[in-house]
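The residues of the chain are indexed from 1 along the displayed sequence. The model shown is predicted, which means the values in this text are computed figures rather than measured ones. Values reported hereafter were calculated over all heavy atoms of this structure, with side chains retained and with hydrogens, waters and symmetry mates removed. Just so you know, ligand 1 is whichever comes first in the structure, and atom 1 is the first atom listed for that ligand.
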Amino acid sequence: MIVKNAKVLLGSELVELEARIEDGVFKELGRGLRGDVEYDAKGLILIPGLVDLHAHLRDWGLSYKETFESGTSSAVAGGFTTVFDMPNTSPPLTSPSRVRERIESARGRIYCDVGFYATPKGPRDVKGLLDAGCSAFKVFMHKPLEGEDYGDVERIRELMAEAERYEALVAFHAEDPKLISGSEDTVESHAKAHKVEAEVSGVLKVLEGMGGARAHICHLSTARALSLVEEAKGRGKRVSFEITPHHALLDDSTEARVEPPLRSRMDRERLFSALVSGSADAIATDHAPHSLEEYLGGKASGFPSLEIALSLFLNEVNRGRIGLGTLIELMSRRPARLMNLKKVGEVREGFVASFSLIDLKREFRIDPSSFFSKAKYSPFEGRLVRGKVMATFIRGELVYEDGEVVSKPIGRVIG
Ligand code: NCD
Ligand code: ZN
Ligand code: ZN
Ligand code: ZN
């Protein structure tokens, strides 16, 4: 297949190029290419498929919140061609047999590629979980999934020593349980309970316990914790971090229940500048769908983001606040590297032809009622944004076009 008339970002310049795709791979990028099947991408920009390090696809006992089908439809509609699924499922992904089961149950039901995080109950489980096919590990410091306890530096140290032997990435929800206190009934009290100090202390514990292993900080939300991580990176620590659309674009003047909570305007601005400066490793969605009743009733935190994350940031590109190249780095190339995905995250000869076509000028209003996600609510509801995904391809096959998922679930499990 040939994609014609698309613009591709080469260095910092948009260049009109044709792409010849064979066997799911970019075979040739150039001009005057010919082929039997042609896809006209006039006026659109071809970007590498996005990689989300942090999504909750739910399914299983939480299928009423999201399923593999609905979550990955949401992903391809938002330009994501690979997502990594979080292990706080029901039952949770804490054993090799459950990892194998989850891989089996995802097969044939996913529209994009999916990798799985698992949570080790202790260092002893690390090897078995990796052998079963998980891509990385996730530690919820403040909310153990099955009685495991990583609230202390000692426990973190033991886990990280074992993870280091396999070069495994360990992602942390870094909020110190000892510093979360108070009622969480209302959005306001919930935010008060999850104080800045809880994240700062959580991050300090990870930095102290990680040794030479690879640690990743999920949804970093405060300027103070950001400085600590940046400083540790400067010292050569193998720590990476992600920032979510909501923490970079919203602050506590918006009412939304999420963990960690929306912070001050100052925090938001510092986080956004870490994206622009390139100190951040990734933009990750923390796509966290719930039923509206649970969310509004204060029983659950989080909201869906896969479908809108890219548009929210393309809008910032249009406003001149971040470069398109920087954005693609943060949403595709760098997260792909962190997960050791081979030949993914760049539009380049020899690379996997999973990509999207975007219309940078297309304007629309965010309307959660049209989400593929089962969770039809968003703190970004009503926002007018410019920049939209028009089509998404997985290994050269069209999966999403103009508001519709158009293929079978051809995604692969990363395992
Ligand atoms: C996430 C969820 O709903 O699973 N919620 C959230 O507020 N972010 C859990 C998490 O990522 O901590
Ligand atoms: Zn979390
Ligand atoms: Zn809480
Ligand atoms: Zn999450």
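Among the heteroatoms counted here (N, O or S) of Glu184, OE1 is the one nearest to the Zn ion (ligand 3).
Under a 4.0 Å N-O distance rule, the pair Glu230/Lys233 does not qualify as a salt bridge. A salt bridge does not link Lys192 to Glu188: none of the charged side-chain nitrogens sits closer than 4.0 Å to a carboxylate oxygen.
Every pair tested for salt bridge (charged side-chain N to carboxylate O under 4.0 Å, His left out) that includes a residue from residues 365-381 fails, sequence neighbours excluded, so the list is empty.
With sequence neighbours excluded, no residue forms a side chain to side chain donor-acceptor pair (under 3.5 Å) with Lys237. Residues passing the side chain to side chain contact (heavy atoms under 4.5 Å, CB included) test with Arg165 are Glu162, sequence neighbours excluded.
Closer than 2.8 Å to the Zn ion (ligand 4) sit the protein N, O or S atoms His54 NE2, His56 NE2, Asp286 OD1.
A cation-pi arrangement is present between Arg321 and Phe272, with the terminal nitrogen or guanidinium carbon under 6.0 Å from the aromatic centre and inside a 45° cone about the axis.
Counted within 6.0 Å of CZ on Arg412, heavy atoms from surrounding residues, nucleotides or ligands total 12 or fewer; the atom is thus considered open.
Look at His142 and the Zn ion (ligand 3): no N/O/S atom of the residue is under 2.8 Å from the metal.
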